[in-house]
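Have a look at the structure below before the remarks.
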Amino acid sequence: MPLGPFATAADLRIDRDLTEAEQSLANRLLVDASNLIRMTAGYQQISRVDNDTATLRGSGTTVLKLPQRPVRDVTAVAGLPSTAWAWDAGERLIRCDGRVWHGPTTVTYSHGFDTEDIAYQVAVSVACDAVKRVLTNPELIKQRSIDDYSETLADARASLLAGEQDTIRQAFGVSSWGVTA
């Protein structure tokens, strides 16, 4: 399922009205920026998803790690009564019946951030900043000089700057998920 952008052209807070073509471009770039943020955040969906299902490979241990975070709730494990497993209120399911997870295991759970959560708002801000760079410098000019005046501009591609990547990693706790830069 394609994931939507964290923001719309109306969220950009630019000091001028965008043309229809610029709004269309901005909305497409916001999708790209949102996907770059998800990639930087360890391929997390980030947006809240309720009652999602994931089929996980059994680990051969009593612990099974859920892929999307933060986990909000676990409601079912297909084929098992709720007494056979426990959710640790974090990212793990634990077998309580003396068995191990093996084979495919389908879990129904809710995960991600609400739009009001601070981490989600950080994603909105970073996505908007990445897109504003393109809209304010559509020719992708890196440097310009006139006589003794010289100006170097930020990379205007719809990409995340190093500081923005660090912000996303910090906001979504990427290092604790085993993802390295």
Side-chain angles (χ1 to χ4, degrees), residues 1-54 56 65-73 90-92 109-181:
M1 123 182 114
L3 300 171
F6 297 122
T8 65
D11 297 317
L12 290 174
R13 294 183 294 258
I14 293 181
D15 294 338
R16 63 180 175 82
D17 291 336
L18 297 177
T19 67
E20 193 172 310
E22 287 174 323
Q23 285 183 0
S24 179
L25 173 63
N27 285 324
R28 286 194 316 271
L29 291 171
L30 283 163
V31 170
D32 293 344
S34 297
N35 288 332
L36 287 170
I37 289 167
R38 288 182 179 102
M39 183 181 72
T40 302
Y43 294 95
Q44 295 298 301
Q45 291 180 4
I46 297 173
S47 304
R48 176 81 181 245
V49 179
D50 290 319
N51 298 313
D52 193 11
T53 58
L56 310 172
K65 191 173 177 181
L66 296 166
Q68 294 293 322
R69 291 178 259 311
V71 176
R72 301 289 191 144
D73 188 29
E91 61 190 42
R92 301 179 310 162
Y109 72 119
S110 298
H111 55 81
F113 294 92
D114 292 321
T115 57
E116 303 83 27
D117 290 338
I118 291 171
Y120 190 93
Q121 290 300 312
V122 166
V124 169
S125 178
V126 170
C128 287
D129 287 348
V131 171
K132 283 192 275 189
R133 283 193 299 276
V134 175
L135 293 176
T136 57
N137 184 9
E139 295 87 18
L140 303 178
I141 296 170
K142 292 183 180 182
Q143 186 174 24
R144 58 184 161 206
S145 300
I146 300 173
D147 296 328
D148 63 346
Y149 173 79
S150 178
E151 179 179 37
T152 302
L153 304 171
D155 187 348
R157 292 172 293 156
S159 60
L160 303 182
L161 301 176
E164 292 168 336
Q165 291 175 3
D166 292 342
T167 298
I168 292 299
R169 288 185 187 109
Q170 183 178 11
F172 297 104
V174 172
S175 63
S176 68
W177 297 344
V179 177
T180 57

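- Residues satisfying the salt bridge (Lys or Arg N to Asp or Glu O under 4.0 Å) test with D147, not counting sequence neighbours, are none.
- Within the 3.5 Å criterion, the main-chain N or O of T115 finds a donor-acceptor partner in the side chain of Q121.
- Residues D114 and R48 approach most closely at OD1-NH1, 3.3 Å, considering heavy atoms.
- In terms of modelled atom types and a separation under 3.5 Å, the side chain of D11 and the main chain of T8 share a donor-acceptor contact.
- The distance from the CD atom of E164 to the CD1 atom of I37 is 8.0 Å, given to the nearest 0.5 Å.
- When each of Y120, F172, F6 is checked for a ring pair (Phe, Tyr, Trp, His ring centres under 6.0 Å) with F113, only F172 meets the rule.
- Using a 4.5 Å cut-off on side-chain heavy atoms (C-beta onward), L3 and S34 make no contact.
- Not counting sequence neighbours, R13 has no partner by the salt bridge (Lys or Arg N to Asp or Glu O under 4.0 Å) test.
- A distance of 10.5 Å separates CG of L12 from OG1 of T136, quoted to the nearest 0.5 Å.
- Here the shortest heavy-atom pairing between Y109 and Q68 reads OH-N, 3.2 Å.
- Expressed to the nearest 0.5 Å, how far CG of L135 lies from CG of L18 amounts to 6.0 Å.
- For the pair R169/T167, no side-chain contact is recorded, criterion being any heavy-atom separation below 4.5 Å from C-beta on.
- The CG atom of D15 sits 8.5 Å away from atom NZ of K132, with the distance rounded to the nearest 0.5 Å.
- Scanning both residues, V131 and A33, for their nearest heavy atoms gives CG2-CB, 4.3 Å.
- The two residues L30 and A7 come nearest to each other via the heavy atoms CD1-O, 3.6 Å.
- Distance CD1/I46 to NE2/H111: 12.0 Å, rounded to 0.5 Å.
- The shortest non-hydrogen separation linking G112 to R72 is O-NE, 2.8 Å.
- Between the side chains of S24 and R28, at least one donor-acceptor pair of N or O atoms lies under 3.5 Å.
- Contact of the V71 side chain with the S110 side chain is not registered, since no non-hydrogen atoms from C-beta on lie closer than 4.5 Å.
- Residues Q44 and I168 have side chains not in contact (no heavy-atom distance under 4.5 Å, counting atoms from C-beta outward).
- Between D50 and D73, the closest side-chain pair of non-hydrogen atoms is not below 4.5 Å.
- Rounded to the nearest 0.5 angstrom, D52 CG and Q45 CD are separated by 6.0 Å.
- Taking the side chain as every heavy atom from C-beta outward, I14 and E22 never approach each other to under 4.5 Å.
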